[in-house]
Structures are given as C-alpha cells and as structure tokens.
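Order of the sequence lines sets the chain letters (A, B, ...), proteins ahead of strands, with each chain counted from 1. Below, all heavy atoms of this structure are taken into account, side chains as well, without hydrogens, waters or symmetry copies.
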Amino acid sequence: MSEERSLNFIEEIIENDLNSGKYETLITRFPPEPNGYLHIGHAKAICLNFGLTKKYGGYTNLRFDDTNPTTEKTEYVDSQQADIKWLGFEWKNELYTSDYFDLLYGFAVKLIGKGLAYVDHSTAEDIAALKGTPTEPGKDSPYRNRSIEENLDLFSRMKAGEFADGACTLRAKIDMASPNMIMRDPIIYRIKHAEHHRTGNQWCIYPMYDFAHGQSDSIEHVTHSICTLEYVSHRELYDWCIEKLEIYPSKQYEFARLNLSYTVMSKRKLLQLVNEGVVTGWDDPRMPTISGLRRRGYTPESIREFCDRIGIAKRENLIELSLLEFCVREHLNKTANRVMAVLDPIKLVITNYPADKEELLIGENNPEAEDKGGNREIPFSNELWIEREDFMEEPAKKWFRLAPGAVVRLKHAYIVKCEDFVKDAEGNVTEIHCTYIPESKSGEDTSGINVKGTIHWVSTRHAKSAEVRMYDRLFSVESPDGEEGDFKDYLNPNSIEIIKQAYIEPYLATADADARYQFIRKGYYCLDKDSTSEHLIFNRTVSLKDAWTKGNK
RNA sequence: UGCCCGAUAGUAUAAAGGUAGUACAACGGUUUUUGGUACCGUUUGUCUAGGUUCGAAUCCUGGUCGGGCAACCA
C-alpha cells in the first residue's frame, strides 16, 4: 500500500535493532487487563503491536494482565478476544500473567535472597507517610532491615495465608530517597484473599503490576514492550527488576495514548456511563468501545485505517472525531449498497400517473463499486413518501429541490413537477401534488430536460416500516475530561434520536445483519442487534457530508 | 518546589544540519440522476530568547507552556 511512508519512532528503533542484528525475531505483546471492554484507544495499541510484527515478521502475544482478582472477569476476557479478532488480528499465544504466578513467586524469593526485598508490616497509611513527596525524600520503614531468613519465612507465610488482607506486603528494597517516586521501595506483592477468575483460591498473594509486567515480557522474550506514556517513570523499575533477577532483557517503549474529541476514554468513566444507565451498555452505539463502534456500523477496515492515520508519537494529542468519521465514510462509500429510505415522510401524489399502475424500476446498488454492486428492482407508483425537508413552500436561493412550480428528478425514476400542495388547519404541508414526465424515465430519458435536484423516495404502497436510531456524539464538548466539574455535565442531550416510523424500500426488508447500507442522501446505516424481521431497526453509523445544510444554517 | 516526558497550520503527523511536506478540518471551484463520491484550488505552522554553523524545526543553554510521577490499581 504505502511504500514510501516515513517511519514512526518505534519503527525506527525496531529497524535499527533488526538491522544491527540485536534481535532475530520481533516479539511484541498486547497486554490488556480483563477488567472492562476494549475501546478505540486500545485499538491504537492493538494496531501498533500487531501491525509491527505483521510488517517486520515475528509475532504478537495476547496476554491478559490479570494480577488483580477483584476487578477481573472472564466476561471481559471473552469480549476482548472477540474484539481483537473482529479488528482482524491474530495472536500467536494466548497467555495470562496468572500463568506465571509460580514463576513470579520464585522471582520474589530470589529477590529476598539477594537482600533486595523485605516484608513490611506497616499499614498503608504508614507507607504513604514514609514515602516522602516529590520534593522530599522518603524515610525507611522500620521493617526495612529484617534479615533475609526472616523475610523468607514471612513471605512464605504470606503465601500460606497466615495473614489477613493488608497485614503486610512485600517491598523491593531500592532507595527511599530516589527522585523517582516509583523507586521508593515499591510494593511488589500484596495479600488479597479473593477468588481469581482463573486460579480460583489457589493464591492469596498477588504480584503488583510492576513486579509482573516486565517479568512476563521477559518470560515470553518480548523484544519490544510497548506501552503508553504514563508508564515512563515505571521503566526504571522495569529495568531494575530484570537486572536484579538476571532474566531476559525485554525493553519498554512508550507512546502517547489516543484521546478522541467528544468522548471519554477512561475505563472508569465508561464503566460509570454503563452503570448509571447513561448508555444502554458497553456496546451502546455511542460508546467509543470496539463493541459500540461495531454495533454502530463501523468496519474493522475503517478503524485500522484510522489508527494508521493518527500516527504514533510521544506528545499528548486530541484527535478530531471527524477523522474517524472520514475513515468510515471512505470505506463505506466503496462497499455499502445504496438504498432509499425516507426518515421524515410526507406524501407526494403524481396526479397524471394511473392510480392502478405499478412499475419495477432498476436501481444500481453502488456506483462506486467496480461491479456497481449489481442492480435491484424498486417498485414505483403514483403515491410516494418523500423527505419532508425536500419541499420548501418558499424556496431559498439556490434551492434545487421541490417547491411550487419546481422540477426534480425522483432517483432511478422520473422527473416530476410540483403543481400544488395541501395544508392542514395548522398550516403544515401534508401532501404535495406533482405531474410526471413519462419520457424522462431513468436510463431512457428523451425529455431533454435537465434538473438540478434529485431526491429519494419510497412507494407508499410498497414501503416497509422501520425504526431508525440516529446517533450523534456522546458529549457536547471536545474534551469532557478537560472541563470544569463532572464530565457527565457535558453529555450531549441529543446523542440519540429515535425515528419510530421511517419508510424503507422493500429490498431492505431482507437486510443482512452484517451489511452496511447507504441511505441515499442521508448517511450510512446498519441493522441493530435488537432488530427482528417484524420490527426492523437501523442504526445510523454516520451521516453523509452535507454541503447544503452546512452552508445554509 | 524534585524527577521525567513533550512542544511544527484548527487537529494530527513528516522533514536523521540543506526547498517546512502530507492527511483530516475549513473555504472556493469542476464533474455528477446522491447538495454524496471524484477531481482541482485556497487559507493557516516550526513555543520563546540566546548560542554553534555557510546553513537550525533539527544540535547546545536558559526560559515559557502542557502532561506524568507520592494506589496494597493497571
């Protein structure tokens, strides 16, 4: 595809490492904690890690970083796997940090044996108090100089379950005065009498992230361990552990995480939206989760393209939602069949078309596809639904659609001229009367008439009903995290608009659950998972670009 | 106030001391049986002050601004 593209800084490092012979095989890993659903930010990391080994050879492991039994669930493991597969990636090995609990325990014992770890009976408060501050050094714990033998004994008793949660911890003995707070004798094991989703009740002590991640990378001989920027200060500890344990030296590299405008990305906040019923679930089509985007109608291709275009760097960023929308429009434009659906119907009567006459017109499914997507038949009659907004009693300047006396083409059908319209008591237009020009039929037009506007329609007699859910951005401000107060104060009250009865052409009655459609002139839509053959429900993935409303608001 | 990371159009991202480029966005135009697509064009940029150099976005020094670090979370 893109031959001459410049490399991001990680690719540069990798090419150097590969060219210098430092590594023969590139090994990366994607290490989610199974405590929530994957989101578009994870997609960036997934595309990076899997993309690198796809490009340079080698492989990528999927490793569930499951060292905290109280937050993790099998449900999340399953959804995360499904999402990665859906995105189009295959991992080499399915691994779990919990697979290494025995090895990790051994590493801890080794550290104690070297006099580099000790059991601390201080309370959490005491530990915090002695930690110091960024500007003041910390102070040694009174338990810091216990003997190796005592520590070994205590640690084995921790494992044996002799102590209650919080009674003590295992700490690395590093430097309480380190300018890097992370290095001030970090806790590396804590007691949790909790059931783990994989190891059950086998363990009551669990390693901390800092004592599990680098070691796991090392065990798997991960060459490039890629994570986000907030782990920069952890790298010193990552390297320290590997050095002291004398194990395979995996290397950590950090890049800036994705921030996307008009949404939030933290699992905590997303969970809050789910729990408080702001959205219907993790896969609500407004959620930035992979499952939400999938349900919304986004394609794996478009998400991969997006991740490719945003690039990899180390500076904080806020990507505009419009880029994601561009990517999905670009893909769907080439792949989605065009259909006609009227979302806000008003009746159009063709007064000179026989009431008992019907025609089957031919519609090209996708002019952008190489094979044009084939054709379909569209029934036509004298009574049609058209879009209410396609008629203006008093037309604006440069109005190309219907208005008294104006002519437009009905897509795939005839040119019609607006002769009259009917209003109800409140003054709302209820019906539009037109005459059609028989010799203007699509494909065999001999009328010689040129019209500026083409509108979509559905024959009232043949139309099917459907519910249409129109989604918009979840938040009304670019950066809900950056605003004053609670992020939920900035929810977009119009993030969903439900149209209970829209009219769709009969072709859509047999819509494919996995297919995406372009509702001509409106946007891209797909069937929602709640849809049934009796009650069709479509989700709007994204609207079409609209130069008219934009320029005339 | 300590340590660490960073700073290039509105937003992202390139330019490994030598023409500041690309994409999205915005704006204008051409084509069009989707006011879509496609195509063409326009606007907008190196945080700042010094230094090194024939030449600095790039190297050095100071400053400014943004972010991270003081969970028995990851």
Side-chain angles (χ1 to χ4, degrees), chain A residues 5-8 12 31-33 35 65-68 70-72 97 120 122-124 127-129 131-138 165-171 178-184 187-192 205-206 208-210 212-213 227 229-236 254 256 261 267-268 309-327 329-330 333-334 338 340 364 367-368 398-401 408-413 415 440 442-443 445 450-456 478 518-523 543-552:
Chain A
R5 266 198 44 192
S6 52
L7 305 177
N8 64 51
E12 277 184 26
E33 182 188 12
N35 69 344
D65 210 355
D66 54 352
T67 58
N68 186 354
T70 54
T71 57
E72 296 150 7
T97 304
D120 194 332
S122 303
T123 63
I127 289 177
K131 195 98 185 179
T133 69
T135 51
E136 299 162 300
D165 287 9
C168 54
T169 57
L170 183 70
R171 291 229 257 166
S178 171
N180 182 354
M181 299 290 293
I182 301 291
M183 299 297 279
R184 320 245 262 226
I187 293 169
I188 56 179
Y189 259 93
R190 80 289 212 184
I191 300 170
K192 272 189 192 232
I205 56 172
Y206 293 91
M208 297 289 287
Y209 166 87
D210 283 310
H213 205 97
C227 61
L229 247 28
E230 63 268 31
Y231 292 101
V232 169
S233 55
H234 292 252
R235 190 176 59 230
E236 192 178 352
E254 313 87 9
S261 64
K267 266 189 213 165
R268 198 195 98 242
R309 283 173 179 257
I310 58 179
I312 301 295
K314 299 187 76 156
R315 74 184 82 118
E316 295 295 324
N317 59 78
L318 181 64
I319 309 286
E320 291 178 348
L321 183 60
S322 57
L323 181 62
L324 218 209
E325 294 182 335
F326 166 82
C327 291
R329 284 194 191 105
E330 182 186 49
N333 176 51
K334 295 195 199 89
R338 273 62 170 166
M340 295 200 286
E364 195 174 63
E368 302 297 327
K398 302 251 277 197
W399 178 255
F400 299 158
R401 289 118 91 160
V408 297
R409 172 170 294 279
L410 297 170
K411 180 77 179 172
H412 301 310
I415 292 175
S440 66
S442 269
D445 186 348
N450 262 329
V451 294
K452 283 226 181 76
T454 299
I455 64 172
H456 60 279
E478 273 205 313
Q518 184 195 102
F519 288 5
I520 289 181
R521 301 208 302 136
K522 298 289 357 166
S543 67
L544 251 32
K545 274 194 176 174
D546 183 358
W548 170 254
T549 25
K550 194 195 287 174
N552 289 276

Undergrad: Nearest to the side chain of A:K550, which nucleotide is it out of B:rG2, B:rA26, B:rA23?
TA: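 Of all the options, the side chain of A:K550 is nearest to B:rA26.
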Undergrad: To the side chain of A:E230, which of B:rG35, B:rG68, B:rA70 is closest?
TA: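 For the A:E230 side chain, the nearest candidate turns out to be B:rG68.
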Undergrad: From B:rG2, B:rC73, B:rC27, pick the nucleotide closest to the side chain of A:P179?
TA: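 So the nucleotide nearest the side chain must be B:rG2.
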Undergrad: What nucleotide, of B:rG2, B:rA74, B:rC72, holds the atom closest to the side chain of A:A124?
TA: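 The closest nucleotide is B:rC72.
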Undergrad: Is any side-chain nitrogen or oxygen of A:K267 closer than 4.0 Å to OP1 or OP2 of B:rC73?
TA: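 Looking at the OP1 and OP2 atoms of B:rC73, neither is under 4.0 Å from any side-chain N or O of A:K267.
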Undergrad: For A:Y206 and A:R190, what are the C-alpha separation, side-chain angles and deciding distance, and is it a side-chain contact (heavy atoms from CB on, under 4.5 Å)?
TA: CA-CA 6 Å; A:Y206 293 91; A:R190 80 289 212 184; 3.8 Å; yes
Undergrad: Closest approach to the side chain of A:A313, judged atom by atom: which nucleotide of B:rC69, B:rA14, B:rC72 is it?
TA: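 The answer is B:rA14, which lies nearest to the side chain.
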Undergrad: Go through the structure and list residues passing side chain to side chain contact (heavy atoms under 4.5 Å, CB included) with A:P134, not counting sequence neighbours.
TA: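 With neighbours one apart ignored, the set is A:M181.
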Undergrad: Can you see if the side chain of A:R184 gets near the phosphate of B:rA70 - specifically, an N or O under 4.0 Å from OP1 or OP2?
TA: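 No, A:R184 has no side-chain N/O under 4.0 Å of OP1/OP2 on B:rA70.
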Undergrad: Would the distance check show the side chain of A:N333 and the main-chain N or O of A:R329 forming a donor-acceptor pair, the cut-off being under 3.5 Å?
TA: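 Pair absent, no side-chain N/O of A:N333 close to backbone of A:R329.
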Undergrad: For A:H213, what residues pass the ring-ring contact (aromatic ring centres under 6.0 Å, His included) criterion, not counting sequence neighbours?
TA: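 Counting only residues at least two positions away or on another chain, A:H213 forms a ring-ring contact (aromatic ring centres under 6.0 Å, His included) with A:Y209.
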Undergrad: Select from A:L410 and A:Y189 the residue whose nearest nucleotide in RNA chain B is closer to the 5' end of that strand.
TA: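 That would be A:L410.
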Undergrad: Nearest-nucleotide wise, let me know which of A:P134 and A:A547 is further upstream toward the 5' end of RNA chain B.
TA: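 It is A:P134 whose nearest nucleotide is closer to the 5' end.
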Undergrad: Rounded to the nearest angstrom, tell me the gap between atom CG in A:L321 and atom P in B:rA23.
TA: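 Between P of B:rA23 and CG of A:L321: 21 Å.
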Undergrad: Please list, pair by pair, any protein nitrogen or oxygen found under 3.5 Å from a nitrogen or oxygen in nucleotides 15-21 of chain B.
TA:
none

Undergrad: At under 4.0 Å, does any side-chain N or O of A:K452 touch on OP1 or OP2 of B:rU33?
TA: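 Checking B:rU33 against A:K452, no side-chain N or O comes under 4.0 Å of OP1 or OP2.
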Undergrad: Got a sec, which residues hit side chain to side chain contact (heavy atoms under 4.5 Å, CB included) with A:N180, two or more places apart in sequence or on another chain?
TA: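 For A:N180, the residues satisfying side chain to side chain contact (heavy atoms under 4.5 Å, CB included) (neighbours in sequence not counted) are A:S178, A:I182, A:M183, A:S233, A:E236.
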Undergrad: Measuring from the side chain of A:N68 (C-beta onward, heavy atoms only), which nucleotide among B:rA12, B:rA74, B:rA71 has the closest atom?
TA: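 For A:N68, the side-chain atoms sit closest to B:rA74.
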Undergrad: Could you write out RNA chain B as dot-bracket? Rules: Watson-Crick or G-U wobble, both distances under 3.5 Å, brackets [ ] for crossings, | for pairs with another strand, dot for unpaired.
TA: .((((((..((((....[..)))).(((((.......)))))....(((((..]....))))))))))).....
Undergrad: May I ask you to decide if A:F326's main-chain N or O and A:E330's side chain share a donor-acceptor pair within less than 3.5 Å?
TA: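 No, A:E330 side chain to A:F326 backbone: no donor-acceptor pair under 3.5 Å.
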Undergrad: In whole angstroms, how far is the C1' atom of B:rU37 from the CG atom of A:L544?
TA: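 The answer, rounded to whole Å, is 9 Å.
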Undergrad: Of the listed nucleotides (B:rA14, B:rA71, B:rG36), which one gets closest to any side-chain atom of A:N8?
TA: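 Shortest atom-to-atom distance from the side chain points to B:rA14.
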Undergrad: Applying salt bridge (Lys or Arg N to Asp or Glu O under 4.0 Å), name anything that partners A:R171, two or more places apart in sequence or on another chain.
TA: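 Result, salt bridge (Lys or Arg N to Asp or Glu O under 4.0 Å) vs A:R171: A:D120.
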Undergrad: Mind checking salt bridge (Lys or Arg N to Asp or Glu O under 4.0 Å) for A:D445 and listing every partner two or more places apart, or none if nothing turns up?
TA: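 Partners of A:D445 by the salt bridge (Lys or Arg N to Asp or Glu O under 4.0 Å) criterion, ordered by chain and then number, come out as A:R409.
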Undergrad: Between the protein and nucleotides 5-10 of chain B, are there any N/O to N/O pairs under 3.5 Å, and if so, what are the atom names and distances?
TA:
from, atom 1, to, atom 2, distance (Å)
B:rG10, N2, A:E320, OE1, 3.0

Undergrad: Take A:E368 and A:R338, measure what side-chain contact (heavy atoms from CB on, under 4.5 Å) needs, and give me the verdict at the end.
TA: CA-CA 10 Å; A:E368 302 297 327; A:R338 273 62 170 166; 3.5 Å; yes
Undergrad: B:rA74, B:rU13, B:rU34: which one has an atom nearest the side-chain heavy atoms of A:N317?
TA: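 Side chain of A:N317 sits closest to B:rU13.
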Undergrad: Please check the phosphate of B:rC73 (OP1 and OP2 only) for any side-chain N or O of A:R190 closer than 4.0 Å.
TA: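 Yes, because at least one side-chain N or O of A:R190 sits under 4.0 Å from OP1 or OP2 of B:rC73.
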Undergrad: Could you check which of B:rA12, B:rU34, B:rA74 has an atom nearest any side-chain atom of A:I520?
TA: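 Nucleotide nearest to A:I520's side chain: B:rU34.
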Undergrad: When you measure from the side chain of A:R309 to the backbone N and O of A:C327, does any donor-acceptor pair fall under 3.5 Å?
TA: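 No.
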Undergrad: Only counting residues at least two apart or in another chain, list the ones meeting side chain to side chain donor-acceptor pair (under 3.5 Å) with A:H412.
TA: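 Scan of A:H412 (side chain to side chain donor-acceptor pair (under 3.5 Å), adjacent residues dropped) gives none.
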Undergrad: So does A:T454 get a side-chain nitrogen or oxygen closer than 4.0 Å to the phosphate oxygens (OP1/OP2) of B:rU32?
TA: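 A:T454 to B:rU32 OP1/OP2: no side-chain N or O under 4.0 Å.
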Undergrad: Under 3.5 Å, is there a donor on one side chain and an acceptor on the other for A:K522 and A:S543?
TA: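 Result is no, nothing qualifies.
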Undergrad: Taking only N/O atoms, report every protein-nucleotides 38-46 of chain B pair under 3.5 Å with atom names and distance.
TA:
none

Undergrad: Which one, B:rU34, B:rC73, B:rA74, comes nearest to the side chain of A:H234?
TA: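 Closest nucleotide among those given: B:rA74.
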Undergrad: Taking side chain to side chain contact (heavy atoms under 4.5 Å, CB included) as the definition, give me every residue that meets it alongside A:K314, ordered by chain and number, with sequence neighbours left out.
TA: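 Per chain and number, A:K314 pairs via side chain to side chain contact (heavy atoms under 4.5 Å, CB included) with A:F9, A:L229, A:E254.
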Undergrad: List the atom pairs, with distances to 0.1 Å, where a side-chain N or O of residues 315-323 of chain A and a protein N or O form a donor-acceptor pair under 3.5 Å, not counting sequence neighbours.
TA:
from, atom 1, to, atom 2, distance (Å)
A:N317, ND2, A:R257, O, 3.3
A:N317, ND2, A:R315, O, 3.3

